[in-house]
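Comments concern the structure below.
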2 protein chains.
Amino acid sequence: MFSIGDLSRRTGVKVPTIRYYEQMGLIAAAGRTEGNQRRYDRDGLERLSFIRHARDLGLSIEAIRELAELSAHPEEPCADAHRIAREHRAEIHARIERLRRLEAELGRIEQMCDADRVGECRIIEALADHGLCSGEH
Amino acid sequence: MFSIGDLSRRTGVKVPTIRYYEQMGLIAAAGRTEGNQRRYDRDGLERLSFIRHARDLGLSIEAIRELAELSAHPEEPCADAHRIAREHRAEIHARIERLRRLEAELGRIEQMCDADRVGECRIIEALADHGLCSGEH
DNA sequence: CCTAATCTCTCTAGCGGCTATAGGTTCAAG
DNA sequence: CTTGAACCTATAGCCGCTAGAGAGATTAGG
């Protein structure tokens, strides 16, 4: 049996965050000692590791809740799990594309200025004027 | 003179967001009509466009505040503006790298499963077990 | 000039995903 | 049995908005 602190050290999820997940219904309410402290077993540990990993991959609490509910019904089709993964990957891809454009744009803006007084600084000017941008963002 | 709604339409910044920026001290408190409604001039419009554009580029409110203060002192050196742009670009770059790893990882996870029942679905399994991951994330 | 429709005002609360603090209780090592 | 670390609940705060209520201002048409 692990205390919440043990669980935290083993999973890397901070103690208040574990309590938060419980409150959000992501993990079942843990058993308690006589003195009202939470105690976890191996199942609780695995469940939290799953959540931790999915969060690291950027999945939202909602998506994780869906996946967790799926895994409680092993005889159901798993098309939904595929869909969630696919959708999330598409979203990540879109974010990468967007960030790439921003990076390019900022790089361009940085290079525009070789003055050393704010008055002639083209960085601030370029930030002020979207019209100077090369592409969309 | 523009009403807050005019300003909103011209800049694409929503009305409550404009009021929020004012409250945060990003834009100066606008002049008011006798009936207490905000009225803006061309300066206000430009200032808000600047903020909008910088936000689009992903700069934080804090960074924008810094840049805005810089641009109020045209005779000062503009090294700070360069620093802000550079730091922000580095951060974007780091985010891209991280997202790229996530994308690869998710792609790998997706391909692991060709079952159609949750019980054998390796997507959920792979999410549960960080040890199955190829790299860092 | 009056009315009706559309803005606009302030204030407050909510979003996601935590994080921090306060003030109290329980556990485990010595 | 004592101490000190870990735990408990409850509440508030973070960012960057967004939404809603309820009241007042402005403007176009008749």
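Chain naming here is simple, since letters A, B, ... match the order of the sequence lines and numbering starts at 1 in each. For clarity, every value in this text was computed on a predicted model and none was experimentally measured.
- Using a 4.0 Å heavy-atom distance criterion, A/Arg9 is classed as making no nucleic acid contact.
- When distances run from any side-chain atom of A/Arg19 to the nucleotides C/dC9, C/dT26, D/dT9, the shortest one goes to D/dT9.
- Surrounding CZ of B/Arg32 are more than 12 heavy atoms belonging to other residues, nucleotides or ligands, all under 6.0 Å away.
- Summarising the geometry, the separation between OH on A/Tyr21 and P on C/dG17 is reported as 9 Å, rounded to the nearest angstrom.
- Under 4.0 Å is where a charged nitrogen must lie from a carboxylate oxygen, and between A/Glu66 and A/Arg83 at least one such pair does.
- Ranking D/dG16, D/dG24, C/dT19 by closeness to the B/Tyr20 side chain, first place goes to D/dG16.
- Per the geometry, CG belonging to B/Asn36 stands 12 Å off P belonging to D/dG24, to the nearest Å.
- A side-chain N or O of A/His93 and one of B/Glu103 form a donor-acceptor pair less than 3.5 Å apart.
- With salt bridges taken as basic N to acidic carboxylate O contacts below 4.0 Å, one links A/Arg100 and A/Glu97.
- Side-chain proximity of A/Thr17 to C/dT10, D/dA25, C/dT19: nearest is C/dT19.
- Backbone-only contact: A/Arg38 has heavy atoms under 4.0 Å from sugar-phosphate atoms and none from a base.
- Of the candidates C/dA28, D/dT9, D/dC17, D/dC17 carries the atom nearest the B/Arg55 side chain, counting heavy atoms from C-beta on.
- OP1 or OP2 of D/dT9 lies within a sub-4.0 Å distance of a side-chain N or O belonging to A/Arg32.
- Of the two residues contacting DNA chain D, namely B/Ile61 and B/Thr33, the nearest-nucleotide position lying further toward the 5' end is that of B/Ile61.
- Residue A/Glu34 contributes atom CD, which lies 16 Å from atom C1' of C/dA28 at whole-angstrom precision.
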